[in-house]
Trainee: 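To start, I am sharing the structure in question, which I have written as structure tokens.
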Amino acid sequence: MAAVKVTTVDELEDDTPVQFDDVDGLTDIVLVRTEGQTYAIGAWCSHADVPMCEGEIEDCAIECYMHGSMFDLRTGAPTNLPATEPIPVYPVTIDGDDVLVDVANPIPYKES
Ligand code: FES
């Protein structure tokens with residue numbers, strides 16, 4: 001499968017995560033626009049399945065509101081406890097005004 005249109009650039013406000021359900025019939029994602037880039041991550045925290053769209057954005061990371069783990073928006077890696085597992089990250093393409101996401105091909109996680 002290829003990337004599919006999820007929304008348009010002007011629908012995303014800086015540092016305001018937005019959830020999109022059942023993208024491409026595969027999964028729920030959250031889009032985040034910050035520092036001029038758009039990121040697509042899995043919609044649910046890897047620690048206890050709470051919605052990541054409730055999180056705060058800081059320094060290219062999103063903070064889970066429940067227990068405070070931060071996840072790098074570029075890699076999905078948790079940067080502090082209690083979460084120890086990454087969240088999925090998906091390739092984003094901006095095509096004109098369209099935001100396309102390839103949910104069938106998450107970016108492979110690499111431990112740093
Ligand atoms: S539910 Fe997200 S850190 Fe615990």
Trainee: Which residue pairs pass the salt bridge (Lys or Arg N to Asp or Glu O under 4.0 Å) test with at least one member in residues 4-17, sequence neighbours excluded?
Mentor: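 Of all non-adjacent pairs touching residues 4-17, those that pass salt bridge (Lys or Arg N to Asp or Glu O under 4.0 Å) are Lys5-Asp98.
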Trainee: Name all residues meeting the side-chain hydrogen bond (donor to acceptor under 3.5 Å, both in side chains) criterion together with Asp28; count only those two or more places apart in sequence or in a different chain, and write none if there are none.
Mentor: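 Asp28: side-chain hydrogen bond (donor to acceptor under 3.5 Å, both in side chains) contacts with Trp44.
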Trainee: What I'd like to find out is whether the side chain of Leu12 reaches to under 4.5 Å of the side chain of Val99, using heavy atoms alone.
Mentor: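 They are in side-chain contact.
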Trainee: Can you list the steps and then say if Val101 with Leu31 is a side-chain contact (heavy atoms from CB on, under 4.5 Å)?
Mentor: CA-CA 9 Å; Val101 181; Leu31 291 180; 3.9 Å; yes
Trainee: Is it true that a side-chain atom of Asn80 and a backbone atom of Gly68 form a donor plus acceptor pair closer than 3.5 Å?
Mentor: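 Confirmed, Asn80 side chain pairs with Gly68 backbone.
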Trainee: Decide side-chain contact (heavy atoms from CB on, under 4.5 Å) for Ile94 and Thr38; before the verdict, give the C-alpha distance in whole Å, the side-chain angles of both, and the deciding distance to 0.1 Å.
Mentor: CA-CA 8 Å; Ile94 306 298; Thr38 303; 4.1 Å; yes
Trainee: Can you check side-chain contact (heavy atoms from CB on, under 4.5 Å) on Val18 and Thr7, steps first, answer last?
Mentor: CA-CA 10 Å; Val18 182; Thr7 188; over 6 Å; no
Trainee: For residues 36-46, which residue pairs pass the salt bridge (Lys or Arg N to Asp or Glu O under 4.0 Å) check, not counting sequence neighbours?
Mentor: none
Trainee: What is the minimum heavy-atom distance between Gly55 and Pro17, and which atoms define it?
Mentor: O-CG, 3.5 Å
Trainee: Applying side chain to side chain contact (heavy atoms under 4.5 Å, CB included), name anything that partners Thr93, two or more places apart in sequence or on another chain.
Mentor: Leu100
Trainee: Applying side-chain hydrogen bond (donor to acceptor under 3.5 Å, both in side chains), can you list everything that pairs with Glu54, at least two apart in sequence or on another chain?
Mentor: none
Trainee: Test question: given the 4.5 Å side-chain rule for I, L, V, M, F, W and Y, name all other residues clustered with Val89, or answer none.
Mentor: Val30, Val32, Tyr39, Ile41, Met52, Ile57, Ile62, Phe71, Leu73, Ile87, Ile107
Trainee: Of all residues at least two apart in sequence or in a different chain, which pass the side chain to side chain contact (heavy atoms under 4.5 Å, CB included) check with Glu56?
Mentor: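 Applying side chain to side chain contact (heavy atoms under 4.5 Å, CB included) to Glu56 gives Glu63.
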Trainee: Where is the tightest heavy-atom contact between Ala83 and Pro78, given as atom of each residue plus distance?
Mentor: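 For Ala83 and Pro78, the tightest heavy-atom pair comes out as O-CB, 3.7 Å.
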Trainee: Looking at every heavy atom in both Cys45 and Cys64, which two are closest together, and how far apart are they?
Mentor: SG-SG, 3.7 Å
Trainee: Could you list the residues that satisfy side-chain hydrogen bond (donor to acceptor under 3.5 Å, both in side chains) with Thr75, not counting sequence neighbours?
Mentor: none
Trainee: Which residue pairs pass the salt bridge (Lys or Arg N to Asp or Glu O under 4.0 Å) test when at least one of the two sits in residues 65-85, sequence neighbours left out?
Mentor: Asp72-Arg74
Trainee: Can you list everything that forms a side-chain hydrogen bond (donor to acceptor under 3.5 Å, both in side chains) with Asp21? Sequence neighbours excluded, please.
Mentor: Gln19
Trainee: Please name all residues satisfying side chain to side chain contact (heavy atoms under 4.5 Å, CB included) with Thr27, sequence neighbours left out, ordered by chain then number.
Mentor: Ile29, Tyr90, Val103
Trainee: Ring pair (Phe, Tyr, Trp, His ring centres under 6.0 Å): which pairs involve residues 45-67, sequence neighbours left out?
Mentor: His47-His67
